[in-house]
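All remarks here apply to the structure that follows.
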Amino acid sequence: MNEMMFSLRKSVLTALVVCCLAANCHADDGSRLWLGKTGAANAQITLTAKSTATTDIARRELASAWNGGPVSMTVKKVKGMKRDAYTIRIKDGKVAITSPSDIGLLYGAYRLLQLQTMNAAGGDMEVKESPFHDIRLLNHWDNLDGNSERGYAGKSIFWNVSGFPKTIGSNEVKDINNNPLNNDTYARACASIGINGAVLNNVNASPKMLTTEVLQMAKQYADVLRPYGIRVYLAVNFSSPVVVGGLATADPMDKDVQRWWKEKAKEIYGLIPDFGGFLVKANSEGQPGPMDYGRTHADGANLLAGALRPYGGIVMWRAFINNPTDPDRAKQARLEFEHLDGKFLDNVIIQVKNGPIDFQPREPFNALFGALHQTAEMPEFQITQEYLGQANHLAYLGTMWEEFFSEVTQYADYKANQLKAKYNAIAGVANTGTDANWTGHPLAQSNWYAFGRMAWNPDLDAKTIANEWVSLTFPSLSGKQHDTVVSMLMRSREAVVDYEMPIGLTHQFGNSHYAPGAWDNRPIRRDWLPVFYNQADADGIGFDRTKATGTDNTSQYVPAFGGVMEDVKTCPDKYLLWFHHVSWNHKCQTGRSVWEELCYRYQNGLNEARQMQRQWNSLEGAIDQDIFRDVQTRLMTQTRDAEWWKDGILLYFQSLNKMAFPDFLEPPVHTLDECKKNRVHVGLYRSPTREELNRER
């Protein structure tokens, strides 16, 4: 019945989208992402390998878009070459793509087309690409009811209220000659940047995910995504044996519980032979877990890993544990897991947020990286901008992730630890939704692209990736216009840091995770409150995490990093208030006092938001009008919000320190009371969904 409904919905939606696009095929709603338009290139493609669904896709992509000489694709195993690596050789106008696998050929085909769009595929050349991370995942925080937690681009692309899967890629788009080109946009986009896995549901998982009915739906997605090299994973609820299985307990040491998980794994692999594994959030923010039964995280993870192990599945056990066992939440992950090193099965990976608090605009790397020597770890980035203006603000996160890889590689032996692990993985919390442009903010597509590229190669710098994305997404821009968009991307995240939380401040949000709330002192857990993190009073500001006088968070890091942070004289300004409580008159490395530096940074963030507005306005007429107006409106919102942040935060701190504002600071245009009462409207602007656009057309 479910398959019939899925097929019916797919056919109806396909027909609807084809008709609507035909009626308005000139409009660019951003739905093609960086994949660009296709044409009737009719390239000559030969395949020296067994034909598969994956090689068929590669041939179709090249045939429809490659404008160069003949292309040969060959599966050829080379010692030491990873399965999905590839080589592209162009000589005398002929192109040869080789790889040990069909998926490697598909990756090579997409890269060849990208190089063509970027005008980088001319003349004789050789390109060799091999992914650093073997498992490159998107974590979709989508719920069965159709909502998406931290989703700022509409509803879930997978689930809806009726329980039937959505047709994420069944829509047909037209090529430049208005001919139908069957494609799967989501899968194509992921494969084009090397993403090879998708967790289909929220880490705050419903136990219903493991019901037979929902597993059959997941099978349908696995069948659609498989030819693109994308394996399906599921987030699971630890209490599933009780809620779904009817058992009296979910204790990992209980024989019936162990048997239940083994039987469930057998059922899953019977439906999805290449199922990737489980993602688990346990004993965090009210989610059930092994500690409910007096067991450890290792006990819980090994229960699931043992069930999946015969099939090659993995367990990704999240280290985001904020139990109040220490006054400093930044220490929690390492305190929770370090003593368990070596007690996990080898198909368990500890999934660690890049920073130790919670996806803040800037954090030092999580101290858990490098602390586990016998247990695999994987970073968890947040592509969706929960704390960086959500889908209203421009915040290109390539610069954040470049900073992370630079620090964690230098101080935590990240690359060495990843390479010695049996499973080498990385995950990004997705920013996709049902909005026509997939990501809400059209320029937020750059973060999806940047995650894939850095998951493949963490040595890539953010500017190189930004240049790629702009070239692929807006290929008609002139050189100066191209550079304008790149400039906006490259300055955007630092602008958000400046007008939200500069020089090491963290978690200064109201409960929306969007608007300022530095004054928030509600009667709830202290480590959920902005006042807990700013520690501001008449004398000073900042959180003391030093060994000498504070929480001793600095000792969790290797001396080469922690020692520098420990000494207020050597701690860089960007982490000053993260690791130190200092007086308002303390001199920063810039020569300004802390008070002057805060004022300077908040003003600079606002100025940068205004500058991005001016830059974007200069592009009118060069970019599709709908996309231009969309981004223009969001930049207006961002500038307005930056002003609220500047006024609210600085007026609050001034109410404590009674210090005058420096002359360079623009006088506030709001009062502190207005800032406290105002709830900056998170949903001020939203892109239309694909369905809404279709109805309009």
Side-chain angles (χ1 to χ4, degrees), residues 324 326-331 356-358 360-364 497-511 515-554 565-569 571-603 605 644-662 665 667-668 670-678:
D326 187 274
D328 186 1
R329 181 169 158 186
K331 298 171 63 178
I357 297 295
D358 189 15
Q360 296 298 293
R362 169 168 278 130
E363 302 182 56
V497 171
D498 275 358
Y499 66 67
E500 287 190 348
M501 281 157 280
I503 62 171
L505 277 174
T506 191
H507 227 314
Q508 296 302 288
F509 298 95
N511 60 9
W519 46 82
D520 189 354
N521 196 20
R522 289 169 293 153
I524 57 175
R525 269 181 56 173
R526 281 180 51 76
D527 62 350
W528 289 354
L529 294 170
V531 295
F532 174 77
Y533 292 100
N534 64 51
Q535 300 282 304
D537 56 25
D539 299 319
I541 185 173
F543 199 113
D544 188 351
R545 292 190 167 95
T546 66
K547 180 178 182 179
T549 58
T551 65
D552 197 18
N553 175 224
T554 54
M565 301 302 136
E566 173 77 15
D567 188 343
V568 71
K569 295 178 182 178
C571 180
D573 285 348
K574 68 180 182 179
Y575 293 141
L576 178 63
L577 302 184
W578 181 282
F579 287 106
H580 295 275
H581 185 86
V582 296
S583 73
W584 295 102
N585 290 314
H586 173 84
K587 288 295 182 182
C588 294
Q589 292 171 344
T590 61
R592 290 183 283 263
S593 70
V594 163
W595 176 235
E596 291 169 335
E597 188 68 20
L598 283 171
C599 292
Y600 175 82
R601 288 295 165 190
Y602 279 101
Q603 183 66 57
W644 278 105
W645 272 93
K646 177 186 78 71
D647 289 358
I649 298 290
L650 292 180
L651 284 169
Y652 170 67
F653 289 153
Q654 187 189 56
S655 74
L656 301 175
N657 64 28
K658 310 303 181 185
M659 300 176 76
F661 287 134
L665 184 75
H670 308 97
T671 67
L672 179 57
D673 284 342
E674 285 176 329
C675 292
K676 287 183 176 181
K677 292 176 182 177
N678 178 61

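Residue numbers start at 1 and run along the sequence shown.
- Closest approach of G648 to L672, counting heavy atoms only: O-CD1, 3.8 Å.
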| Stepwise side-chain contact (heavy atoms from CB on, under 4.5 Å) check, R329 with D358 | CA-CA 10 Å; R329 181 169 158 186; D358 189 15; 3.9 Å; yes

| request: List the steps, then state whether side-chain contact (heavy atoms from CB on, under 4.5 Å) holds for I524 with L529. | output: CA-CA 8 Å; I524 57 175; L529 294 170; 3.6 Å; yes

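- Contact check for N511 versus R522: side-chain heavy atoms found under the 4.5 Å cut-off.
- Atom NE2 of H586 sits about 10.0 Å away from atom OG of S593, to the nearest 0.5 Å.
- With hydrogens and angles ignored, the 3.5 Å screen pairs no side-chain donor or acceptor of D520 with any backbone N or O of P530.
- Proximity of I357 to W578: side-chain heavy atoms (C-beta onward) are separated by under 4.5 Å at one or more points.
- In this structure, the separation between CD on Q589 and NZ on K574 is 10.5 Å, given to the nearest 0.5 Å.
- More than 12 heavy atoms of other residues, nucleotides or ligands shown are found within 6.0 angstrom of CZ on R525.
- In this structure, CD on E363 lies 8.5 Å from NE2 on H507, to the nearest 0.5 angstrom.
- In this structure, CZ on F653 lies 13.0 Å from CE on M659, to the nearest 0.5 angstrom.
- Panel note: side chain E597, backbone W595; no donor-acceptor pair is recorded below 3.5 Å.
- Side-chain contact between P516 and Q508 is absent, with no heavy-atom pair separated by less than 4.5 Å.
- One finds the CG atom of L577 at 8.5 Å from the SG atom of C571 (value rounded to the nearest 0.5 Å).
- R592 places none of its side-chain heavy atoms less than 4.5 Å from the side chain of D573.
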| request: Tell me, with the steps shown, if D539 and S583 meet side-chain contact (heavy atoms from CB on, under 4.5 Å). | output: CA-CA 6 Å; D539 299 319; S583 73; over 6 Å; no

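- In plain terms, the two heavy atoms of A330 and P356 that are nearest each other are O-CB, 3.4 Å.
- When every heavy atom of P572 is checked against every heavy atom of M565, the shortest pair comes out as CD-CE, 3.6 Å.
- Shortest non-hydrogen contact noted between L665 and Q603 is CD1-OE1, 3.6 Å.
- Separating the CZ atom in F661 from the OH atom in Y602 is a distance of 11.5 Å, to the nearest 0.5 Å.
- Taking 4.5 Å as the limit, some side-chain heavy atom of L576 sits within range of a side-chain heavy atom of V568.
- For E566 (side chain) and K547 (main-chain N/O), a donor-acceptor pair under 3.5 Å exists by modelled atom type.
- Judged by distance alone, the side chain of H580 and the main-chain N or O of Y575 form no donor-acceptor pair under 3.5 Å.
- Here the side chain of D328 pairs no donor or acceptor atom with the backbone of T551 at under 3.5 angstrom.
- K646 and P667 make their closest contact through NZ-O, 4.2 Å (heavy atoms, listed as atom of the first residue, atom of the second, distance).
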| query | Between L656 and I541, is a side-chain contact (heavy atoms from CB on, under 4.5 Å) present by the stated rule, with each step listed? | reply | CA-CA 10 Å; L656 301 175; I541 185 173; over 6 Å; no

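- Taking the six-membered ring for Trp and thresholds of 30 and 60 degrees, F543 and F532 have ring planes more than 60 degrees apart, a perpendicular arrangement.
- The main-chain N or O of Y533 is never found under 3.5 Å from a side-chain atom of Q535 such that the two would form a donor-acceptor pair.
- Ring geometry for W519 against Y652 counts as perpendicular: the plane angle is over 60°, on a 0 to 90° scale with 30° as the lower cut.
- L598 and W584 get closest at one heavy-atom pair: CD1-CZ3, 3.8 Å.
- In this structure, L650 and P668 have side chains that are not in contact, with every pair of non-hydrogen atoms separated by 4.5 Å or more.
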| field | Candidate pair W528 and F509, rule ring-ring contact (aromatic ring centres under 6.0 Å, His included), full reasoning | value | CA-CA 10 Å; W528 289 354; F509 298 95; over 10 Å; no

Throw together a table of side-chain donor-acceptor distances under 3.5 angstrom for residues 497-505, partners on residues two or more places apart or in other chains.
| residue | atom | partner | partner atom | Å |
| --- | --- | --- | --- | --- |
| D498 | OD2 | N604 | ND2 | 2.9 |
| Y499 | OH | H393 | ND1 | 2.6 |
| Y499 | OH | Q638 | NE2 | 3.1 |

